[in-house]
Amino acid sequence: MQRLFTILCLGIVLIVVGAWTWNPVQSAEETPGVSSHISIGGAFTLIDHNGKTVTDANFRGRYMLVFFGYTFCPDVCPTALQTITDAMDLLGAKADKVQPVFISVDPERDTPKVLKSFMENFHPRMIGLTGSSEQVAAVAKIYRLYYAKASDEDDYLIDHQAFIYLMGPDGKIITYFPHGIAPDAIATKVRKHL
């Protein structure tokens, strides 16, 4: 029990430090201390919740709200995905220009079938993506996302950063939002770019 508590505390500290070092509601160009030369996003190949192979090219021409997490997450991931769902609803007809995407950092448990069931709880246009451990590691690397298993037990948790990325139609990052941001703040920021 003490070990689990220590691991959870470490995960919380990492998320807080990550959120503190990134100013969440400004673009890379607007954020003091963050270089606009930082590359976030890029080429990837994953499998969607219907079992189809998709690449980053499938999303070109649309804005994306991207969140990394896992379906067994007890609270952060469902909360973030509900926030994205609510922001999409607030966008109304303009939401047609935005693709919400959930990328699993738990490929061992998050099969397309598991993702499909999980996606039913959120916005109907949200796409769940998974892949091999190598594919997931590669996409996390290009998004500069930290994640790691919290233990080697069967019923493990995964520590991960909880940012929501807003990506442009060209696949480049526009801005990012921290966990706990209100849906209307996301919708307002997205609306400025549509």
Side-chain angles (χ1 to χ4, degrees), residues 3-4 6-22 24 38-56 58-59 64-85 99-123 126-167 171 173 175-181 186:
R3 182 174 179 226
L4 179 59
T6 302
I7 291 169
L8 288 174
C9 287
L10 177 62
I12 291 169
V13 168
L14 289 171
I15 290 170
V16 169
V17 168
W20 180 50
T21 58
W22 280 22
I38 292 176
S39 175
I40 295 177
F44 64 81
T45 300
L46 294 168
I47 300 166
D48 74 11
H49 64 262
N50 292 311
K52 291 174 49 180
T53 298
V54 296
T55 71
D56 56 294
N58 293 101
F59 302 104
M64 295 179 3
L65 284 170
V66 180
F67 181 77
F68 288 80
Y70 63 112
T71 64
F72 290 81
C73 182
D75 53 12
V76 172
C77 301
T79 301
L81 295 180
Q82 187 59 53
T83 297
I84 292 171
T85 295
Q99 178 61 63
V101 177
F102 172 68
I103 301 176
S104 173
V105 293
D106 188 9
E108 292 177 35
R109 296 183 294 192
D110 287 344
T111 63
K113 183 178 179 180
V114 170
L115 279 178
K116 188 174 183 78
S117 176
F118 190 63
M119 292 298 96
E120 292 172 1
N121 298 301
F122 304 104
H123 195 274
M126 190 171 296
I127 294 176
L129 299 177
T130 188
S132 67
S133 294
E134 294 78 17
Q135 288 173 315
V136 169
V139 73
K141 182 176 181 180
I142 64 172
Y143 275 81
R144 299 181 181 267
L145 181 102
Y146 165 80
Y147 73 100
K149 273 188 180 181
S151 74
D152 291 329
E153 298 170 12
D154 290 338
D155 191 21
Y156 57 87
L157 297 175
I158 297 180
D159 294 329
H160 63 92
Q161 291 170 315
F163 299 115
I164 298 170
Y165 299 88
L166 174 61
M167 308 301 289
I173 189 161
T175 192
Y176 34 83
F177 307 98
H179 179 67
I181 192 167
I186 294 175

Tell me, do [X] and [Y] make a side-chain contact under 4.5 Å, heavy atoms counted?
X      : Y      : answer
Val105 : Leu145 : yes
Phe67  : Met126 : no
Phe177 : Leu65  : yes
Asn50  : Lys116 : yes
Thr45  : Thr53  : yes
Leu157 : Tyr70  : yes
Cys73  : Ile158 : no
His123 : Ile84  : no

Walk me through it: do Ile127 and His49 pass the test side chain to side chain contact (heavy atoms under 4.5 Å, CB included)? CA-CA 7 Å; Ile127 294 176; His49 64 262; 4.3 Å; yes

What is the distance from atom [atom1] of [X] to atom [atom2] of [Y], rounded to the nearest 0.5 Å?
X      : Y      : atom1 : atom2 : result
Phe163 : Tyr146 : CZ    : OH    : 13.0 Å
Met119 : Asp48  : CE    : CG    : 11.0 Å
Ile164 : Thr83  : CD1   : OG1   : 5.5 Å

Which heavy atom of [X] sits nearest a heavy atom of [Y], and at what distance?
X      : Y      : value
Pro112 : Ile47  : CG-CG2, 3.9 Å
Thr130 : Pro107 : OG1-CA, 3.8 Å
Leu115 : Ser104 : CD2-CB, 4.4 Å
Cys77  : Gly69  : SG-CA, 3.5 Å
Val76  : Ala162 : CG1-CB, 3.7 Å

Donor-acceptor under 3.5 Å ([X] side chain, [Y] main chain):
X      : Y     : answer
Gln135 : Leu46 : no
Asp56  : Phe44 : yes
Asp110 : Thr71 : yes

With a 6.0 Å cut-off on the ring centroids, do Phe122 and Phe102 count as close? no

Does the separation of the ring centres of Tyr147 and Phe68 fall below 6.0 angstrom? no

Tyr143 and Met167: side chain to side chain contact (heavy atoms under 4.5 Å, CB included), yes or no, with the steps? CA-CA 11 Å; Tyr143 275 81; Met167 308 301 289; 3.8 Å; yes

Cationic tip of Arg109 within the cone over Tyr156's six-membered ring, i.e. under 6.0 Å and within 45° of the normal? yes

Atom NZ of Lys141 with >12 non-hydrogen neighbours under 6.0 angstrom: no

